[in-house]
There are 2 protein chains.
Amino acid sequence: MNLKELSEKLGLSQTTVSRALNGYPEVNEETRRRVMDAARRHNYRPNMRAKSLATGRAMAIGHIIPLSTKHEIVNPIFADFIAGAGEVYSSAGYDMVLSVVSDADEARAYRDLKAKGTVDGVIVHGPKLDDQRIPLLHDIALPFVVHGRSTGCTIPYSWLDVNNRRAFERATEFLLDLGHRRIALVNGLEYMDFAVRRRTGYLSALERRGITPDHRLMRSEEMTEGYGYRTARELLSAPDRPTAFLTASLISALGVRRAIEEAGLRMGRDVSVVTHDDELSYLRNGEDVPIFTATRSSVREAGRGAAEMLLSIIAAANPDSPPQSRLLEATLVVGMSTGPGPAASQ
Amino acid sequence: MNLKELSEKLGLSQTTVSRALNGYPEVNEETRRRVMDAARRHNYRPNMRAKSLATGRAMAIGHIIPLSTKHEIVNPIFADFIAGAGEVYSSAGYDMVLSVVSDADEARAYRDLKAKGTVDGVIVHGPKLDDQRIPLLHDIALPFVVHGRSTGCTIPYSWLDVNNRRAFERATEFLLDLGHRRIALVNGLEYMDFAVRRRTGYLSALERRGITPDHRLMRSEEMTEGYGYRTARELLSAPDRPTAFLTASLISALGVRRAIEEAGLRMGRDVSVVTHDDELSYLRNGEDVPIFTATRSSVREAGRGAAEMLLSIIAAANPDSPPQSRLLEATLVVGMSTGPGPAASQ
DNA sequence: TGGCGCATCCAAAGCGCTTTGGAATTGATT
DNA sequence: AATCAATTCCAAAGCGCTTTGGATGCGCCA
């Protein structure tokens, strides 16, 4: 059932039917009712390809997932972000198109998306310290919102981010207040912008208390369970072992906990752990009371926010309007993984 | 840069340029070279909307993610499946469109996808015991491949599945061979088809050894860490506690391990654990040697396979061709989580 | 009565591509 | 020299929609 058939069945022109369905004023209310009714009865849905071609709007948003040799991008937070963004898209009548491309093809993938006209805008995931995708998208004039920020980037752009620096600063202060002095940072890969911000927060908290950071306590890797485990096991076996760990993800924190228990220590008593928690739907930080003390910020909510921002930018359709931005604060929730450190008991 | 401009620049008709680019034979090889060259120089990409409209093919595959009140669908395996399928799509020139819809809107979402013409086919995720999506898709004549199977479904359809029954049967036999007699099944939700198949496998292994299944040892829930933990803690505190656990996912297995350790027991010595392992890229079962003994089957590989199958079905474009199917066998890998049970030491 | 504005509808052009049904040129065949 | 079959190209129709630029009919006022 297409417009032509529907309009013939109604004895109206395609113009009128189209206008009736799209809410234009120049059509009699009674006619509109008739049209709407017939459309519903015949289960009519306008063909999006034709509509897109005619209007120039794809009614779709792109997400490009670079498929690294490493696996960090097919990462657990991605599914939740997508779920949040997807909710917003579908209630706004937009589709979401994903492209999984190898790292090398990423730039071409963005150009293609633009040239082929498959999407009206894109969300940029996992920005690096100086991310080349931002100037690229700026050049090809494809509307975009960055999930995160890119410190090295000079041109203005729209973004939505968690205040990672502040979150880790507060988490570090929290541990310091408990009397911990040797706090290990089990960070993510530090070519990722968020990881650097987190380290900055950690360092500034230490500095404010006049504590010289120990570089042996600062690690940076892809955030897997194994990484958390290996790192914690190694650090715990050293002579002056840390009394607290600050980890960048719940998954790594699980590894840290495993190493702690394996060493015959008890988490929350002998060793404290604070982790960042993205509130992933399938990996909750405990049920009622949190297992880990955590800096919590829902990545799904971030997905919603980023999608809304992008849609509003596209709706404005003004390339000269100033970029938008939004900084989400993480909440510091106290769980069972933290307790007083050595300085407190002195 | 569109076809018209490009053809004007070349002094050729749109027809010829189009044919040159699409590899049709009725064009001089030298002309073709000229065209290809100009296309590359001007970075020409045909507008997919127009192309789709003209050809009637969307060059896109849909994945519908129902957003349950429960969270099981935004599940960790989804990201990896998508990554695998995505690889196949992009190398075949297809786009992947995701729709996140609430449970109630799922049927309408499929109808819309068909009517709006946004996709050429869909992949059905997480089939239930008697899944209504299969007859629906059959009715609306939208090509599809099911990841998994639906036992209650009578009409033929294409699917790709892991031999879940066999995998759990083998895992159970393995534990029985080790001398375990009280084996707990920490299964997924049993309205999901795969979960029922796994239980069947578990039961048939027990039966073959003449062991009466103890229903108190069989649990079924959404596969979270917390579920594994709670279940194991409860079962381990019972008078005749199980000596082995068979879990449906690595995430639940982590919870089981936590409960084991918390009870002061040692996994692999006091209590054995076998889990199913989907080989998720961010949650590996150990690095070199597996932590858990596991029935292993890459969900990413399943994504590739399902995508290939769907594309081949679409390419055949014959609605009467017989449905395809593929059954993947899981491999049983031995890790450090299993050891002899009480019957062996008697 | 003629003219004006308003409400309501329509025909047709266009979005950028593919594809049908020739047309023109060439070389080989009779 | 005339015919024929390839070869190579093109004009135009069509995919299903939106949107421009009227057309039509109506009541209303002068």
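All figures in this text were calculated on a predicted structure; none of them were measured in a lab. Every chain is numbered from 1 and lettered A, B, ... according to where its sequence line falls, protein lines coming before strand lines.
Looking at every heavy atom in both residues, Pro156(B) comes nearest to Pro323(B) through CB-CG, 3.7 Å. The two residues Cys153(B) and Pro135(B) have their closest heavy-atom pair at SG-CD, 4.3 Å.
Between Arg304(A) and Glu301(A) there is a salt bridge, with a side-chain nitrogen of the basic residue lying less than 4.0 Å from a carboxylate oxygen of the acidic one. In summary, Asp37(A) and Arg41(A) engage in a salt bridge, as defined by a charged side-chain N under 4.0 Å from a carboxylate O.
Dashed line: the shortest gap from a side-chain N or O of Tyr44(A) to OP1 or OP2 of dC17(D) is under 4.0 Å. Contact annotation: Ser18(B) side-chain N/O to dC17(C) OP1/OP2 distance is not under 4.0 Å.
Tested against Arg149(B) for a salt bridge (Lys or Arg N to Asp or Glu O under 4.0 Å), the candidates Asp193(B), Asp130(B), Asp161(B) yield a single pass: Asp161(B).
Atom CG in Leu53(B) sits roughly 17 Å away from atom P in dG14(C) (whole-Å rounding). Atom P of nucleotide dG16(C) and atom CZ of Arg49(B) are separated by 9 Å, given to the nearest angstrom. Between Met59(A) atom CE and dC15(C) atom P there is a gap of 21 Å when expressed in whole angstrom units. Rounded to an integer number of Å, the gap from Asn47(A) CG to dG14(D) C1' is 14 Å. Regarding Glu8(A), its CD atom lies at a distance of 13 Å from the C1' atom of dG16(D), rounded to whole Å. If you take NZ of Lys4(A) and P of dT18(D), they are 16 Å apart, rounded to a whole angstrom. Following rounding to the nearest Å, Met48(A) (CE) and dC15(C) (P) show an atom-to-atom distance of 19 Å. The OH atom of Tyr24(B) sits 12 Å away from the C1' atom of dT20(C) (whole-angstrom rounding).
Between Phe144(A) and Tyr157(A), the ring planes lie parallel to each other; the angle is under 30°, not in the 30° to 60° tilted range.
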Footprint string (nucleotides 7-13 of chain C, 5' to 3'): B base within contact, S backbone only, - free, heavy atoms under 4.0 Å: -BBBBB-
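Judged purely by distance below 3.5 Å, without hydrogens or angles, the side chains of Ser13(B) and Thr16(B) pair a donor atom with an acceptor atom.
The overall bend of the helix from dT1(C)-dA30(D) to dT30(C)-dA1(D), read as the angle between its terminal helix axes built from five base pairs each, is 80° when rounded to 10 degrees.
Of the possible donor and acceptor atoms, none in the side chain of Arg45(A) sits under 3.5 Å from a partner among the backbone N and O of Arg111(B).
Tyr89(A) and His63(A) have their aromatic ring centers within a separation under 6.0 angstrom.
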